[in-house]
Number of protein chains: 2
Amino acid sequence: MDRCKHGHFVCADTVLARAKEGGLRRTRALEAVVEALAEAGTPIPLNELEKKPSVAGVCDRTTLFRLLNRLGEHGLVRRLGLHKRAAYFTLAMPGGHHDYLICRECGSVEILEVECPVQELEKEVAKVSGYTDLYHELEIYGLCPNCHG
Amino acid sequence: MDRCKHGHFVCADTVLARAKEGGLRRTRALEAVVEALAEAGTPIPLNELEKKPSVAGVCDRTTLFRLLNRLGEHGLVRRLGLHKRAAYFTLAMPGGHHDYLICRECGSVEILEVECPVQELEKEVAKVSGYTDLYHELEIYGLCPNCHG
DNA sequence: GTATGTGCAAAGTATTTGCCCCAGA
DNA sequence: TCTGGGGCAAATACTTTGCACATAC
């Protein structure tokens, strides 16, 4: 998986540029959220995001929510279930996606760096089902080395 | 995918039997939840479950929660994210699972009756990652025929 | 200047817990 | 009888909304 010059999966600058194209204003809060998400790399819930140095003190939780939603509508952020009580957010890359390996005990989330086998299936489903604009979400759950006794 | 004599994906009786083996008592509420889940077939949130004829009036919402959690611990029920605000529950079959096709507009949930391409990946991840007791969850999101204009 | 973005507080909705009574084995 | 199950109500947690003010463009 390619990474930007900072070693992140998705480059904050790219996202900000695309956000502007989408009509979003470049505010302090927007920059902060995007940067925090880029640094995080893996999906992160709102209450974690709040604590990130780039975000803490910069903007309110409500603003975070609204920004994440807006970014989501523009396809720049993806919202994940991950079986947690809270929603998890991560920067979405154009045309790309990640699959995750999650420990159901401690909740750790790792990015699966493998060839995703679902692309083909997705195309077939697109043909057969009548659904359009498909994307998928794949998570593998298990017990991580630290959690299985 | 095989179905039981009632045409359900998972037979309520089988689940009840396995629940008893697991040490759960056979209560009215337990029977009701399992039956309702079997009838539903597709994943269903708690507030829907409450309204099902087999459940309505039989037991309290709290009891439903506790039962679903207990059944989940015994591997008899699976809890899904599905990007809804509420968790979705469905009967789990031993060694089996379903993938879903979900409309992100109207929220409809269909079971994908296809060969799941993730089994292989799952095995490989088991070998490489050090994680154990793996299972996966795959959802394809899109716009259903009714929702794309 | 104007439309969009933001903070604060308050309202929802989903989920969980405590406590005590009830019922299955 | 004895332990796990259930009901009710209250507590938590997460998310969303309203409204008045601030700010990007």
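Numbers restart at 1 for each chain; the letters A, B, ... are given by sequence-line order, proteins then strands. Small disclaimer: the values here were computed from a predicted structure and weren't measured.
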Summary of salt bridge (charged side-chain N to carboxylate O under 4.0 Å, His left out) pairs that have at least one residue in residues 7-27 of chain B, sequence neighbours excluded: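 Pairs touching residues 7-27 of chain B that pass the test: B/Arg26-B/Glu31.
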Distance in angstrom units between [X] [atom1] and [N] [atom2], rounded:
{"X": "A/Leu64", "N": "C/dC8", "atom1": "CG", "atom2": "P", "result": "13 Å"}
{"X": "B/Arg28", "N": "C/dC22", "atom1": "CZ", "atom2": "C1'", "result": "14 Å"}
{"X": "A/Lys20", "N": "D/dT23", "atom1": "NZ", "atom2": "P", "result": "19 Å"}
{"X": "B/Glu50", "N": "D/dC8", "atom1": "CD", "atom2": "P", "result": "12 Å"}
{"X": "A/Glu48", "N": "D/dA13", "atom1": "CD", "atom2": "P", "result": "15 Å"}
{"X": "B/Leu16", "N": "C/dG24", "atom1": "CG", "atom2": "C1'", "result": "15 Å"}
{"X": "A/Asp60", "N": "D/dT15", "atom1": "CG", "atom2": "P", "result": "15 Å"}
{"X": "B/Leu30", "N": "D/dG4", "atom1": "CG", "atom2": "P", "result": "16 Å"}

Side chain to side chain donor-acceptor pair (under 3.5 Å) assessment of A/Tyr131 paired with B/Glu110: CA-CA 11 Å; A/Tyr131 278 57; B/Glu110 289 182 33; 3.0 Å; yes
Closest nucleotide among D/dC8, C/dT6, D/dT15 to the A/Arg70 side chain: C/dT6
Per B/Ala86 side chain, nearest of listed nucleotides D/dG7, C/dA14, C/dT6: C/dA14
Residue pair B/Lys123, B/Glu120: steps toward the salt bridge (charged side-chain N to carboxylate O under 4.0 Å, His left out) verdict: CA-CA 5 Å; B/Lys123 281 178 203 153; B/Glu120 284 309 311; 3.5 Å; yes
Of B/Thr27 and A/Phe89, the one whose closest DNA chain D nucleotide lies more 5':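 The residue closer to the strand's 5' end, by nearest nucleotide, is B/Thr27.
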Quick one, [X] and [Y] - any side-chain contact, counting heavy atoms below 4.5 Å?
{"X": "A/Cys106", "Y": "A/Asn146", "answer": "no"}
{"X": "A/Glu139", "Y": "B/His136", "answer": "no"}
{"X": "B/Ser129", "Y": "A/Leu101", "answer": "yes"}

Sugar-phosphate only, base, or nothing, as touched by A/Leu67 at under 4.0 Å among non-hydrogen atoms: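 Counting heavy atoms under 4.0 Å across all strands, the contact made by A/Leu67 is with sugar-phosphate only.
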Under 4.0 Å protein heavy-atom contacts per nucleotide of nucleotides 16-21 of chain C, with B for base, S for backbone only and - for none: BBB---
Distance-only donor-acceptor test (3.5 Å): side chain A/Arg25, base C/dA3: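 Such a pair exists between side chain and base.
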Donor on one side chain, acceptor on other, B/Tyr88 and B/Glu48, under 3.5 Å: no
First encountered from the 5' end of DNA chain C, between B/Leu46 and A/Gly23: A/Gly23
N or O in side chain of A/Thr63 less than 4.0 angstrom from C/dG7 OP1/OP2: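 Looking at the OP1 and OP2 atoms of C/dG7, one of them is under 4.0 Å from a side-chain N or O of A/Thr63.
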